[in-house]
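Side-chain atoms are counted along with the backbone in the values below, which use heavy atoms only and exclude waters and symmetry mates. Model, not experiment: these values are computed from the prediction.
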Amino acid sequence: MNKKRKPYKIGLMLVLLAGLAYFLYWGNNAIEVSRYNYQNAELPENFNGYKIAQVSDLHNKAFGDELIDRIEKQQPDIIVITGDLIDSNRTDLAVAKAFLEEAKIHAPVYFVSGNHEVASGKYDELKRIIDTLGVVNLDNANQLLEKDGQQINLIGVADPLSIFQEEIEKEGSKEAIILSEINEGVEVDPELFSLLLTHRPELIDVYQQGSIDLALAGHAHGGQIRLPFIEGLYAPSQGILPEYTSGLYNSHDTAMIVSRGLGNSLFPLRIFNRPELVIITLETK
Ligand SMILES: [Fe+2]
C-alpha cells in the first residue's frame, strides 16, 4: 500500500462516519409534520377546518422547544396523545409532565394509554399528573367536542395490555372487550360523528365493527426502519413487514390515520423514518 495515501483514507473514513452520525442524528431528531385533510359528509359544518395535532409514542423523548413550537405553529383546536407518552424501560414522569404542561397552554389535551403506560408500573402516578394538569384521560371514556353549537363524539380506548386474563376468558377475546368499550362511547349519541383515540392500529376491524368514522392510532413506530417500496420492516403486535405503520387506511366506512410516532423504545434507531407530528384538518364535504 502506498503509505502516503493512508492519511487520506483515514480522513475519508472519518468524513463518512461523521456523515453517517449526522444522518442518524437528523433522522431521529428532526420532526416531520405530516398533514391530512380528512373529508367526511357526516362532519357537522362548524367543524370544517377543525385541526387536530396528534402526538404519539414519545417514549419519554424530550425535543426541547422543537415539538411544542411545531404544535404552536399549527394552532390546533385540540391536541391528542395516542399512547406511549412514557417508556416502560426508562420511565421518566418529569419529562412527560413537562410536555403536558407546555402542550396544554396551546390547546385542550386528550390522552389515551399505550402498552408502555400499562407496563411501566407508574401509570397510576402518571394518571394523577394528567388529572392535576387538566389533561383529559379518555381511557375507555368519551367526551363530546363542541364547535359553535355543533358536536362530534371523541371516544378513547385504554391499551388492551390493561385487560386482565380473567376478563378475556369471560368475554371471549380482548377484541370483544374493546368493541364493547367503543360501543358504550358511540351509544352516547350514535348520530354524532365518532372520532376514536387508540394506541393500536392492528385492531382496525374492531373500530370498523364499532362504526367509528375516524380512528387515530400509533404503536407501530412506522415499522422503525422504512425502505422504499417495502415500507416498515417491523412493528410490535404485527411482526415483520407490518400492514399498518404510517398514513391513512380504510376498512369499509372507517378511516384510520396511523402516526409513525416521535420516540423510540428498545430499538434505539429510526432509519428513513423521522419523528412525526401528525396534523389532521377535518373538512365537511
Ligand atoms: Fe410505542
Side-chain angles (χ1 to χ4, degrees), residues 35-56 74-83 103-104 106-114 130-131 134-160 171 175-219 244 247-259 278-285:
R35 293 180 182 79
Y36 296 87
N37 292 327
Y38 170 83
Q39 294 188 335
N40 191 319
E42 302 295 317
L43 279 162
E45 58 187 43
N46 291 348
F47 277 82
N48 192 36
Y50 195 85
K51 223 185 237 188
I52 302 161
Q54 184 192 8
V55 171
S56 201
Q74 300 300 322
Q75 296 190 297
D77 290 275
I78 59 170
I79 298 165
V80 301
I81 299 172
T82 47
K104 77 187 188 82
H106 304 290
V109 181
Y110 298 87
F111 170 93
V112 290
S113 59
I130 286 171
D131 291 346
V135 169
V136 183
N137 189 336
L138 285 180
D139 270 0
N140 301 333
N142 82 299
Q143 183 153 328
L144 302 183
L145 300 178
E146 196 166 311
K147 186 86 197 278
D148 304 326
Q150 291 184 313
Q151 291 177 322
I152 63 172
N153 192 359
L154 182 64
I155 299 161
V157 283
D159 190 84
E171 300 299 326
E175 285 82 1
I177 295 166
I178 295 167
L179 181 58
S180 83
E181 293 293 350
I182 290 172
N183 286 339
E184 221 174 285
V186 169
E187 279 159 18
V188 170
D189 190 341
E191 298 300 310
L192 293 180
F193 179 90
S194 55
L195 175 60
L196 179 74
L197 303 185
T198 175
H199 188 55
R200 307 275 185 146
E202 68 272 14
L203 299 175
I204 184 170
D205 291 339
V206 179
Y207 313 146
Q208 185 269 322
Q209 286 166 43
S211 305
I212 290 296
D213 291 304
L214 174 63
L216 306 181
H219 190 46
Y244 307 109
L248 178 68
Y249 302 87
N250 289 286
S251 173
H252 302 282
D253 287 342
T254 297
M256 175 174 74
I257 291 171
V258 180
S259 166
V278 171
I279 303 292
I280 302 126
T281 305
L282 304 183
E283 291 179 357
T284 48
K285 263 182 189 166

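- Checking each of Val112, Val157, Ile52, Asn142 against Leu197 for a side chain to side chain contact (heavy atoms under 4.5 Å, CB included) leaves exactly one that passes, namely Val112.
- For Glu181, there are no salt bridge (Lys or Arg N to Asp or Glu O under 4.0 Å) partners at least two apart in sequence or on another chain.
- The closest donor-acceptor contact from the side chain of Asn153 to the backbone of Ser194 lies at 3.5 Å or more, if one exists at all.
- Closest heavy-atom contact between Met256 and Pro201: CE-O, 3.2 Å.
- Using a 4.5 Å cut-off on side-chain heavy atoms (C-beta onward), Ser180 and Glu171 make no contact.
- Shortest non-hydrogen contact noted between Asp77 and Ala107 is O-CB, 3.7 Å.
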Working for side-chain contact (heavy atoms from CB on, under 4.5 Å), residues Ile152 and Leu144: CA-CA 6 Å; Ile152 63 172; Leu144 302 183; over 6 Å; no
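- For the pair Pro76 and Ile279, the minimum side-chain heavy-atom distance is 4.5 Å or more.
- When all heavy atoms of Asn46 and Asp148 are compared, the pair lying nearest together is ND2-O, 2.8 Å.
- Counting heavy atoms of neighbouring residues, nucleotides and ligands inside a 6.0 Å radius, atom CD of Glu146 exceeds 12 of them.
- With rounding to the nearest 0.5 angstrom, the CD atom of Glu202 is 11.0 Å from the CG atom of Asp205.
- Contact detail for Gly218 and Val258: the closest heavy-atom pair is O-CG1, 4.0 Å.
- Between Thr281 and Tyr36 the shortest side-chain heavy-atom distance does not fall below 4.5 Å.
- For the residue pair Ser259 and Ser56, no side-chain donor N or O sits within less than 3.5 Å of a side-chain acceptor on the partner.
- Remark: side-chain polar atoms of Asn250 are not paired, donor with acceptor, to backbone N or O of His252 under 3.5 angstrom.
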Intermediate values then yes/no, side-chain contact (heavy atoms from CB on, under 4.5 Å), Tyr50 and Asn48: CA-CA 6 Å; Tyr50 195 85; Asn48 192 36; over 6 Å; no
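- Using modelled atom types and a 3.5 Å distance limit, the side chains of Ser251 and Tyr207 yield no donor-acceptor pair.
- Looking at heavy atoms from C-beta onward, Leu203 lies in side-chain contact with Glu175 at the 4.5 angstrom threshold.
- Considering CD1 of Ile155 and CD of Gln143, their distance stands at 12.0 Å, rounded to 0.5 Å.
- Within 6.0 Å of CG in Asp253 there are 12 or fewer heavy atoms belonging to other residues, nucleotides or ligands.
- Taken to the nearest 0.5 Å, the CG atom of Leu214 stands 8.5 Å off from the CG atom of Leu196.
- Here the OG1-NE2 distance, from Thr82 to His199, works out to 7.5 Å after rounding to the nearest 0.5 Å.
- A pairwise comparison of heavy atoms in Glu45 and Gln150 identifies N-OE1, 3.4 Å as the closest pair.
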side-chain contact (heavy atoms from CB on, under 4.5 Å) assessment of Tyr38 paired with Asp213: CA-CA 11 Å; Tyr38 170 83; Asp213 291 304; 4.3 Å; yes
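- In this structure, a donor-acceptor pair under 3.5 Å is absent between the side chains of Asp159 and Ser113.
- Residue Leu282 holds its CG atom at 11.0 Å from CD of Gln39, rounded to the nearest 0.5 Å.
- Side-chain atoms of Val109 and Ile78, non-hydrogen and from C-beta on, never get closer than 4.5 Å to each other.
- Residues Leu138 and Leu154 are in side-chain contact: their nearest non-hydrogen atoms beyond the backbone lie under 4.5 Å apart.
- Taking all atoms of both residues into account, the shortest heavy-atom contact from Gln151 to Leu192 is O-CD2, 3.4 Å.
- In this structure a side-chain-to-backbone donor-acceptor pair under 3.5 Å is present from Lys51 to Gln74.
- Distance CD/Gln54 to OH/Tyr110: 15.5 Å, rounded to 0.5 Å.
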